[in-house]
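Reviewing the structure listed below.
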Amino acid sequence: MQYKTSNQPIFNDCWNQIGVTGDRSCPELKTFIHCRNCPVYSLAGRGLLEREPPPGYINEWTNLLVSQSVPQRESTLTQLGETISVIIFRLGVEWLALSAKLFKEVTQPCVIHTIPHRSNEILLGIVNIRGEILMCVSLSHLLGLEDNSANSDSEQSKIQQPLTRKPKTNVSSVMYQRMVVVEIERNRWVFPVDEIFTVQRFHTNELLDAPAVISKATDTYTKSIIIWQDKKVNYLDDELLFYTLNRKIT
């Protein structure tokens with residue numbers, strides 16, 4: 001996709017002509033209801049986000065940010081030292097966290113197509129995420145959390161109730177299942193979660209040592225413990241986790 005020097009993109013903006021913001025004469029509206037559901041609209045949006053920046057754009061913003069008075073606006077966490085960014089999610093009754101840099105997308109649950117003679121408790125099958133075929137796995141089975149499935153429904157209501165009563169303004173939660181797309185070493189995986197939260201930042205001094213006595217699979221992959229909203233969150237070792245995942249399904 002090419003762009004003019006005036007930064008005006010050259011694409012088919014049919015939604016402004018015959019779509020929902022035009023005269024609504026597009027025959028595809030009967031199928032997609034709204035232009036935002038149409039692949040033409042999605043393709044145009046991706047083109048806008050993925051286009052090359054104009055000459056000098058990166059240098060201009062770099063110089064602007066450098067010129068800011070950083071020490072005056074430095075956060076407390078930054079003053080204390082190194083921080084980590086994680087995304088917290090729930091599987092059954094267990095609260096887990098992975099490095100935020102691994103997460104590529106969070107989407108609604110979709111159909112999982114089993115692979116003949118390959119699908120099992122860990123490898124659930126394949127899913128279609130925006131036209132890309134990815135392998136879908138069960139992190140719950142890999143971590144040995146399925147033993148808690150019988151109690152998950154009753155415990156879920158106990159967990160979610162205080163969150164509903166006392167919501168925190170700085171936390172945006174999703175109280176229903178989602179599919180999560182993660183990428184590590186150019187390999188993408190999809191796994192379902194029961195609940196997921198936005199990015200959370202913690203100072204390294206807030207991380208607690210993992211338990212010395214390994215009693216279950218979850219602890220095997222836990223490198224630190226995070227206390228968050230009065231909950232114990234297992235901060236997972238992503239390298240070990242996905243290394244084991246690769247070995248178990250190949």
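Computed from a prediction, not measured in an experiment: that's the story for all the values here.
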Side-chain contact test, heavy atoms from C-beta onward, threshold under 4.5 Å: evaluate it for [X] versus [Y] and give yes or no.
X: Val137; Y: Leu245; result: yes
X: Leu139; Y: Pro192; result: no
X: Ile129; Y: Val190; result: yes
X: Leu29; Y: Arg24; result: yes
X: Arg118; Y: Leu123; result: yes
X: Ile133; Y: Asn128; result: yes

- Message: side chain to side chain contact (heavy atoms under 4.5 Å, CB included) for Leu142 and Lys248? Distances and angles first, verdict last.
- Response: CA-CA 9 Å; Leu142 181 63; Lys248 285 185 177 291; 3.5 Å; yes
- Query: Parallel under 30°, tilted from 30 to 60°, perpendicular over 60°: which one fits the rings of Trp189 and Phe242?
  - Reply: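 Because their plane-to-plane angle is under 30°, the rings of Trp189 and Phe242 count as parallel.
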Can you tell me how far the [atom1] atom of [X] sits from the [atom2] atom of [Y], to the nearest 0.5 Å?
X: Met135; Y: Ile249; atom1: CE; atom2: CD1; value: 4.0 Å
X: Arg201; Y: Ile84; atom1: CZ; atom2: CD1; value: 10.0 Å
X: Lys231; Y: Ile226; atom1: NZ; atom2: CD1; value: 13.5 Å
X: Leu96; Y: Leu143; atom1: CG; atom2: CG; value: 6.0 Å
X: Glu239; Y: Glu185; atom1: CD; atom2: CD; value: 7.0 Å
X: Gln17; Y: Thr21; atom1: CD; atom2: OG1; value: 8.0 Å

[X] to [Y] - nearest heavy-atom pair and separation:
X: Pro39; Y: Phe32; answer: CD-CZ, 3.5 Å
X: Leu134; Y: Val181; answer: CD1-CG1, 4.0 Å
X: Thr222; Y: Ser224; answer: CG2-O, 3.1 Å

hydrophobic_cluster_shared for [Y] and [X], side chain cutoff 4.5 Å:
X: Val106; Y: Ile112; value: no
X: Ile115; Y: Met179; value: no
X: Ile18; Y: Val20; value: no
X: Leu145; Y: Leu124; value: no
X: Leu102; Y: Leu241; value: yes

- Task: Tell me, with the steps shown, if Ile87 and Leu98 meet side chain to side chain contact (heavy atoms under 4.5 Å, CB included).
- Result: CA-CA 6 Å; Ile87 288 184; Leu98 280 169; over 6 Å; no
- Item | Intermediate values then yes/no, side chain to side chain contact (heavy atoms under 4.5 Å, CB included), Asn187 and Asn246 | CA-CA 10 Å; Asn187 293 320; Asn246 267 308; 4.1 Å; yes
- Message: Please tell me whether Trp95 and Phe197 form a close aromatic pair, meaning their ring centres lie under 6.0 Å apart.
- Response: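 They qualify: ring centres under 6.0 Å apart.
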- Task: Would you please test Cys14 and Val40 for side chain to side chain contact (heavy atoms under 4.5 Å, CB included) and show each step?
- Result: CA-CA 8 Å; Cys14 54; Val40 175; 3.9 Å; yes
- Who are the ring-ring contact (aromatic ring centres under 6.0 Å, His included) partners of Phe89, not counting sequence neighbours?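 With neighbours one apart ignored, the set is Phe191.
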- Query: Hey, are Asp238 and Ser99 close enough side-chain-wise for a donor-acceptor pair under 3.5 Å?
  - Reply: no
- Query: Which salt bridge (charged side-chain N to carboxylate O under 4.0 Å, His left out) pairs, counting each pair once, include a residue from residues 124-135, with sequence neighbours left out?
  - Reply: Glu105-Arg130, Glu132-Arg188
- Message: Can you tell me if Asp209 has over 12 outside heavy atoms packed within less than 6.0 Å of its CG?
- Response: no
Quick one: does any side-chain atom of [X] pair with a main-chain N or O of [Y] as donor and acceptor, under 3.5 Å?
X: Arg90; Y: Gly92; answer: yes
X: Asn234; Y: Leu236; answer: no
X: His141; Y: Glu121; answer: yes
X: Glu94; Y: Leu91; answer: no
X: Asp237; Y: Tyr221; answer: no

- Item | From Ile196, Val86, Val199, residue fulfilling side-chain contact (heavy atoms from CB on, under 4.5 Å) relative to Phe103 |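 Among Ile196, Val86, Val199, the one meeting side-chain contact (heavy atoms from CB on, under 4.5 Å) with Phe103 is Ile196.
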